[in-house]
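We number each residue from 1, following the sequence as shown.
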Amino acid sequence: METGTVSHIEAQGNQTFLDGKFRLIGGASYRNYDLNTFGTLMGLADDDRSDAVKSVFGQGEFRIGDKIRLVGAARYDEGDLFEGQVSPKGAIVYTPNDNHAFRFTVNKAFQTANYSEFFLRANAGAPVNFSALEAGLRANAPARPRAGRRAAVGQLFTNSASVPVLARGNAALDVEKTTGYEVGYKGALSEKVYVTVDLYQNNITGFITDLLPGVNSAFPYWTAAGGRAGRRACRASSARSRPSSGANPATALAAAGLTRDENGNTAVLVSYTNAGDVDQKGLDVGIGFQLTSELRADATFSFFDFTVNSQRAGDQLLPNTPDRKATLGLTYEGARNGINASLSSRFVASYDWAAGVFVGRVPAQQQINATIGFDTGEGYRLFANGVNILDQQRYQMFGGAVIGRRVLFGISTLF
C-alpha cells in the first residue's frame with residue numbers, strides 16, 4: 001500500500017516595454033510532495049515524508065526589427081532533496097517573411113532522482129553462502145596468536161551461510177544534467193505544403209546508475225570485526241579478491257558488494273550512484289499536405305542516435321527509445337456536414353530496453369488509429385476514438401503490460 005499527493009501553486013505575470021519590442025515574463029512556484037509507502041519501499045526513518053521544491057523563473061523576448069527575435073530565459077529550483085540549480089536558455093529566431101522561420105536554441109536542464117533511488121530499502125535477491133570463503137580465509141590465516149576477539153566458526157560474515165542481499169537508495173545522489181543545442185525550421189513551401197525540420201544534440205552527464213555493488217559511500221567495504229586493524233584489512237582484501245578471481249560472475253558480484261548494513265551485520269548491498277557521459281543527436285521532420293479544403297495528409301519521421309562516452313562498470317546506459325519512428329495520417333474536417341474524422345498509422349523500430357531488472361528487446365510496432373466525430377449543431381458533439389484498431393498485441397516497455405485495442409465513445413457539450 002502506498003499513498004501520495006502532489007500540491008502545486010504558481011503565479012506569473014508579463015509586461016511589454018518599448019512599444020511592444022520587449023516582453024518580460026516572470027513568476028514563481030511552490031510544489032510539495034507527500035509520500036507514505038508504509039515501509040513497503042522505504043525504511044521507516046525515511047518514510048511518511050513531505051518534501052518541497054521552490055522555483056522562480058523569468059523570460060525576456062526582444063525584437064530587433066521585424067525579422068529577428070532574441071529570447072533569454074532562466075529558472076532557479078531549490079528543493080529539500082537537491083541543491084539549488086540554475087537552468088538557463090537562449091534562442092535566436094529569424095523570420096525572413098510570414099512563411100518561413102529559423103530557430104537556434106541553447107539550453108541547460110536537470111533531472112532529480114526519484115524516491116526509490118534516494119530511499120529504497122528492500123531485499124534484492126536470495127541470501128549468499130559465504131561458508132566456503134570463510135573456510136578459505138581461515139585456512140590461509142597465520143598460525144600465530146592474534147590480539148582481540150576472533151569470530152566463531154560460521155560467524156566471520158555474521159551468518160556466513162546466509163548473507164542477505166539488500167538494495168538501498170543513496171540519499172547523496174546528485175542531479176542528472178543536460179546541455180542541449182537545437183536548430184529548427186518551419187515554413188509553408190506553398191499554399192498547400194507545410195514543413196518542419198528540427199536537429200538537436202544533447203550532452204547528458206551524471207546518470208543515476210542501475211543498482212550496483214560498492215557504489216554507495218554510506219556503506220563502505222566490509223571489514224572483519226575484532227582483531228588488529230592490519231589483520232582486519234587483510235581479511236577484507238582477501239574477501240574481495242578471492243571470489244573475483246573465480247569463474248562465477250554472481251559470486252564476484254556478491255564479493256564486490258560485501259559491506260555491513262545499518263545494524264552492523266554483514267550484507268551484500270547494491271545501490272545507486274551518479275556516473276556516465278552520453279551524447280545524443282536526432283532529427284525530426286514533419287510535412288503536411290492540404291489535399292482539398294477539407295482533407296489533409298500529414299507525415300512525420302524521427303531519427304535518434306547516441307554515443308556513450310563513459311559509464312560505470314556494470315551499468316547499462318540505454319536510451320530506452322527507438323532509433324527510428326514514423327507516422328502517416330489523413331484528416332477530414334467537414335465544415336458543412338459537421339463530420340470530422342482521422343485515420344493514422346504509427347511505425348516504430350525495435351529497440352533494446354534496460355531499467356532495473358527489466359532488460360530485453362521491445363519488438364517493432366505498426367499501429368493503426370482512427371477517430372470520428374459529429375457536431376449536431378445544437379451544442380453537442382458525438383465522437384468515437386479507436387487506438388490500435390487492428391488489436392495488435394504489443395508492449396511498449398520491456399516488462400510492461402501488453403496493450404491491445406482500445407475504443408472510446410463519448411458525447412461532449414459546451415455551456
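- No donor-acceptor pair under 3.5 Å is formed between the side chain of Glu134 and the backbone N or O of Arg138.
- Tyr194 OH to Lys186 NZ: the interatomic distance, rounded to the nearest 0.5 Å, is 5.0 Å.
- Contact detail for Ile389 and Arg405: the closest heavy-atom pair is O-NE, 3.0 Å.
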Exercise. Would Asp277 and Asn203 count as a side-chain contact (heavy atoms from CB on, under 4.5 Å) if you check the C-alpha gap in whole Å, the side-chain angles of each, and the deciding distance to 0.1 Å?
Worked result: CA-CA 7 Å; Asp277 184 304; Asn203 175 253; 3.0 Å; yes

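- In Arg324, the CZ atom is not crowded: 12 or fewer heavy atoms of neighbouring residues, nucleotides or ligands sit closer than 6.0 Å.
- In this structure, the ring-ring contact (aromatic ring centres under 6.0 Å, His included) partners of Tyr185, at least two apart in sequence or on a different chain, are His100, Phe102.
- Residues Ala354 and Leu318 come closest through the heavy atom pair CB-CD1, 3.7 Å.
- With a 4.5 Å cut-off on side-chain heavy atoms, Asn340 and Tyr332 do not count as touching.
- Formation of a donor-acceptor pair under 3.5 Å by the Asn274 side chain with backbone atoms of Gly206 is found in this model.
- Between the side chain of Arg260 and the backbone N or O of Tyr221, no donor-acceptor pair lies under 3.5 Å.
- Comment: Arg168 engages Glu262 in a salt bridge, judged by a side-chain N to carboxylate O separation of less than 4.0 angstrom.
- A salt bridge between Lys281 and Asp279 is absent, with no side-chain N of the basic residue lying under 4.0 Å from a carboxylate O of the acidic one.
- Separation of atoms OG (Ser342) and CG (Asp298) is listed at 10.0 Å; rounding is to 0.5 Å.
- Looking at Asp80 and Tyr33, their side chains never bring a donor and an acceptor atom within 3.5 Å of each other.
- Without hydrogens or angle criteria, Asn129 side chain to Ser131 main chain gives a donor-acceptor distance under 3.5 Å.
- Counting only N and O atoms by type, the side chains of Thr37 and Glu2 include no donor and acceptor under 3.5 Å apart.
- Within the 3.5 Å criterion, the main-chain N or O of Gly187 finds no donor-acceptor partner in the side chain of Asn99.
- Taking CG from Leu24 and CZ from Phe62, the interatomic distance works out to 13.0 Å, rounded to the nearest 0.5 Å.
- Within a 6.0 Å sphere centred on CD of Gln393, other residues, nucleotides and ligands contribute more than 12 heavy atoms.
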Exercise. Stepwise, does the ring pair (Phe, Tyr, Trp, His ring centres under 6.0 Å) test hold for Phe82 with Phe110?
Worked result: CA-CA 11 Å; Phe82 62 92; Phe110 71 96; 5.5 Å; yes

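- Within a 6.0 Å radius of CZ in Phe22, other residues, nucleotides and ligands contribute more than 12 heavy atoms.
- Considering CG of Leu211 and OG of Ser271, their distance stands at 7.0 Å, rounded to 0.5 Å.
- Looking at Ser116, its side chain never comes within 3.5 Å of a backbone N or O of Leu120 through a donor-acceptor pair.
- For CG of Asp66, the number of neighbouring non-hydrogen atoms (other residues, nucleotides, ligands) closer than 6.0 Å is 12 at most.
- Asn388 and Asn369 form no side-chain donor-acceptor contact under 3.5 Å, judged by distance and modelled atom types alone.
- In this structure, the separation between NE2 on His8 and OG on Ser29 is 4.5 Å, given to the nearest 0.5 Å.
- The aromatic rings of Phe398 and Tyr395 sit perpendicular to each other, their planes meeting at more than 60°, with 30° as the lower class boundary.
- With Thr413 contributing its side chain and Gly379 its backbone, the two residues share a donor-acceptor pair below 3.5 Å.
- Counting all heavy atoms, side chain and backbone alike, Gly276 lies closest to Leu317 at CA-CD1, 4.2 Å.
- When atom types are taken as modelled, the side chain of Glu117 and the backbone of Asn114 share a donor-acceptor pair closer than 3.5 angstrom.
- Taking each heavy atom of Ala313 and Leu212 in turn, the nearest pair found is O-CD1, 4.0 Å.
- Tyr272 and Gly169 make their closest contact through CD1-CA, 4.2 Å (heavy atoms, listed as atom of the first residue, atom of the second, distance).
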For this session: Decide side-chain contact (heavy atoms from CB on, under 4.5 Å) for Leu328 and Phe347; before the verdict, give the C-alpha distance in whole Å, the side-chain angles of both, and the deciding distance to 0.1 Å.
Result: CA-CA 9 Å; Leu328 292 173; Phe347 309 91; 4.2 Å; yes

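- To the nearest 0.5 angstrom, Thr331 atom OG1 is 12.5 Å from Glu294 atom CD.
- For CG of Asn263, the number of neighbouring non-hydrogen atoms (other residues, nucleotides, ligands) closer than 6.0 Å is greater than 12.
- Thr300 places no side-chain N or O within donor-acceptor distance of the main-chain N or O of Val285, the cut-off being under 3.5 Å.
- The 12-atom threshold is exceeded at CZ of Arg381, counting heavy atoms of other residues, nucleotides or ligands nearer than 6.0 Å.
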Exercise. Between Asp198 and Arg103, is a salt bridge (charged side-chain N to carboxylate O under 4.0 Å, His left out) present by the stated rule, with each step listed?
Worked result: CA-CA 9 Å; Asp198 291 285; Arg103 170 181 54 86; 2.5 Å; yes

Exercise. Going through the checks in order, is the side-chain contact (heavy atoms from CB on, under 4.5 Å) test met by Val165 and Val128?
Worked result: CA-CA 7 Å; Val165 181; Val128 180; 3.5 Å; yes

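- Among all heavy-atom pairs drawn from Glu176 and Ile208, the shortest one is OE2-N, 2.8 Å.
- Around CG of Asp19, the count of heavy atoms belonging to other residues, nucleotides or ligands within 6.0 Å does not exceed 12.
- Thr158 places a side-chain N or O within donor-acceptor distance of the main-chain N or O of Thr266, the cut-off being under 3.5 Å.
- For Ile9, the CD1 atom is loosely surrounded, since the number of other residues' heavy atoms within 6.0 Å does not exceed 12.
- Looking at Asp47 and Arg49, no side-chain N of the basic residue comes within less than 4.0 Å of a carboxylate O on the acidic one, giving no salt bridge.
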